[in-house]
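Before any comments, here is the structure.
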2 protein chains.
Amino acid sequence: MGGVGIDDVARLAGVSTATVSRALRGLPEVRESTRARVRRAAAELNYVPSPSAASLASGRTRTIGLLTASFSRWFNRNVVEGAEERLRGAGFDVLLHAFDFAPDGSRAPIDMSTMRQRVDGMIVLGIPLSPEERLTLDNLNVPIVFVGTGPPDHVRVSMDDHDGSRIAIEHLAALGHRRIGQIGAKLPYDAHWSSASERHDGTVAALAALGIDYDDTLEAFGDYTQEGGRAAAAALLDAHPDMTALFAYSDEMAFGALEELRARGIRVPEDVSVVGIDGHELSGLIGLTTVAQDARAQGDAGASLLLEMIAGSNVGRDVRFPTALVDNGSTAPAPAVRAA
Amino acid sequence: MGGVGIDDVARLAGVSTATVSRALRGLPEVRESTRARVRRAAAELNYVPSPSAASLASGRTRTIGLLTASFSRWFNRNVVEGAEERLRGAGFDVLLHAFDFAPDGSRAPIDMSTMRQRVDGMIVLGIPLSPEERLTLDNLNVPIVFVGTGPPDHVRVSMDDHDGSRIAIEHLAALGHRRIGQIGAKLPYDAHWSSASERHDGTVAALAALGIDYDDTLEAFGDYTQEGGRAAAAALLDAHPDMTALFAYSDEMAFGALEELRARGIRVPEDVSVVGIDGHELSGLIGLTTVAQDARAQGDAGASLLLEMIAGSNVGRDVRFPTALVDNGSTAPAPAVRAA
DNA sequence: TTGTACGCGTTATCAG
DNA sequence: CTGATAACGCGTACAA
């Protein structure tokens, strides 16, 4: 029951352990009749190969490390789901390494060296990494795919952040909004290649293209949490009573903003319009207009890419997913326009 | 860089590999000065032990398997977070095995034998298992902890389901509601020990204690999804126009019910009151009164229990967490009462 | 197409 | 307290 080894199977099937190994792993050089016999013997004995022994002997682990920030974030949990399904379907296990940000937005340094020898590849999800952290990652000497946020010298899968901002800003501008507050993120180690940075740049570019002056006091940072979004909204509302719209870089931050607006008795969308990013499953019920992305598909794509890299392929550098505006009713013509 | 082994460290420290192993694992029988020397050598060489080799030799993996249904469910993702943090803190890795239900509520059979030799323990999250599935689990020969839903002959951590229903029903009854629809779940393999079953039983008991007749046509099944909750609400509203309240066994199903009510122009709470279970982070913004539980703490507790079992302790059978009503405004006196 | 035999990098036993 | 050495269970050259 506990100790059926490869030699037990070999004995029962009347072949050598080498043949058992080859047959069970589907190597082509085995006669089909032999393979069938081995399979039957293995099934009869309820044999399962020891992954430790296999890894030790082969150097491969058939395990992928998944580094992610908290599942309280819609994006992360959806990517993990998509990636996990694809990886398990391909016969890979998933080693989960999650971590949280402290309330002040900081976080403990992540040491990936514990993953050494444990994984054949890594997926890193949605967080900027410090140079030291990237070093411990690279020292793993396995392929790495970044999803959501990733440095330029690595393979990255994400939505088209720049274009997402353009869509949001153009939507608001078309409704006559000119004083648009932004709720962004300033995470540690953001070296200008995070999604937050790109959404910011896209916003600035979109405003410029529309001839609207960019005012950096119209940006506050919610760091992708609901509470952060609420605090950011509060700060912006205090500083800019004339603001008529809010663009949050995630639905969760937008939800926080909606809470703050409601608490102040400010009507949405009559007084202030709000747009988020994600396409959260509750944006419909809550009534939040959002720039929707398919996070699950990004997880799937990231996993697929990683598997190709492990198989030796030379994949490209970047995969960007499109976004689309979903109007759930939280935007309306700017008050001044309506008045006119 | 790639191939620093225990013997490299041994050579540099001037000791045997056995001593290196003992020193680095913190075994007590090593002189502190020796341990320090070994530690220094290991650090200098950037040595990380091979988990495969360690597992092969010791039989332990320092890895816990986590079996869970989709993270789209609030409960699951919060439990996973709580458990993951505790396990990683204790030096254990987490192997994630997720799966989805098909749209019709069924699911493919889960084969845990792939976890054989891979994990020192298992946490199973929130799903009833078939007898065959439980068998593949038990055949792993490792401690198992169930969180949320678990068979009576295993260690289980969950909220007090029975009492949660009591709280919800008493709250509604105190407001004068008598025709209370329930949105429950009928998952495959539910052998009467699931949270859904217990919430149902608790509801029936609470109604009986209040002298309210139980009517099984007032129960529909949403299977813990938002869409399912919406469909269940629709069916109940069609069949029972006189129904004045809905009690859903999860916030997500309640959210679906709110969607359906809104689509029909039925006001909440003026026409129909709604209560959920969970304390979802968006229940406040959405305005859903709910019986709140601490899912993260349950994940933490489940992990702690499992670690104790792995260490050889004989833990108890059951840990139940309390719940508390959070009034977010979706309940009001029953219309008939108001009219009176 | 199959078998032999060595090696993978630790842990654990037993001496010392 | 420390060292030598035999497992641990498989993958894979190499040979047949």
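Protein chains get the first letters and strands the later ones, always in sequence-line order, with residue 1 at the start of each.
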side-chain contact (heavy atoms from CB on, under 4.5 Å) filter on A/Ala295, not counting sequence neighbours, yields A/Trp74, A/Phe75, A/Asn78, A/Val79
Across all chains, not counting sequence neighbours, the side-chain contact (heavy atoms from CB on, under 4.5 Å) partners of B/Ser72 are B/Ser70
The correct set of residues in residues 47-54 of chain A placing a heavy atom under 4.0 Å from DNA chain D is A/Tyr47, A/Pro49, A/Ser50, A/Ala53, A/Ala54
Residues of residues 22-32 of chain B with a heavy atom under 4.0 Å from any atom of DNA chain D, listed by number, are B/Arg22, B/Glu29, B/Val30, B/Arg31
Between [X] and [Y], is any pair of side-chain heavy atoms under 4.5 Å apart?
{"X": "B/Val315", "Y": "B/Val145", "answer": "no"}
{"X": "B/Ile110", "Y": "B/Ile127", "answer": "yes"}
{"X": "A/Thr63", "Y": "B/Arg118", "answer": "yes"}

Sorted by position of nearest nucleotide on DNA chain D, 5' first, the leading residue of B/Ser33 and A/Asp7 is B/Ser33
Whole-Å distance, B/Leu56 CG to C/dC8 P, equals 14 Å
To the nearest angstrom, the CD-P distance between B/Gln117 and D/dG9 comes to 7 Å
So the ring pair (Phe, Tyr, Trp, His ring centres under 6.0 Å) pairs with at least one residue in residues 110-153 of chain B (sequence neighbours excluded) are B/Phe146-B/His154
Does anything in [range] reach DNA chain C, meaning a heavy atom under 4.0 Å, and if so which residues?
{"range": "residues 34-44 of chain A", "answer": "A/Thr34"}
{"range": "residues 9-21 of chain B", "answer": "B/Ala18, B/Ser21"}
{"range": "residues 57-65 of chain A", "answer": "A/Ala57"}

Criterion side-chain hydrogen bond (donor to acceptor under 3.5 Å, both in side chains) on A/Ser33 and A/Arg37, from CA distance to verdict:
CA-CA 6 Å; A/Ser33 63; A/Arg37 200 147 31 88; 5.4 Å; no
Is any side-chain N of the basic residue among [X] and [Y] closer than 4.0 Å to the acidic one's carboxylate O?
{"X": "A/Asp294", "Y": "A/Arg296", "result": "no"}
{"X": "A/Glu44", "Y": "A/Arg40", "result": "no"}
{"X": "B/Arg134", "Y": "B/Asp153", "result": "yes"}

Sequence-distant partners of [X], side-chain hydrogen bond (donor to acceptor under 3.5 Å, both in side chains), two or more places apart:
{"X": "B/Trp193", "answer": "none"}
{"X": "A/Asp223", "answer": "none"}
{"X": "A/Glu133", "answer": "A/Arg107, A/Ser130"}

List the steps, then state whether side-chain hydrogen bond (donor to acceptor under 3.5 Å, both in side chains) holds for B/Thr149 with B/Ser195. CA-CA 5 Å; B/Thr149 279; B/Ser195 57; 3.2 Å; yes
Sorted by chain and number, sequence neighbours left out, salt bridge (Lys or Arg N to Asp or Glu O under 4.0 Å) with A/Asp120 holds for none
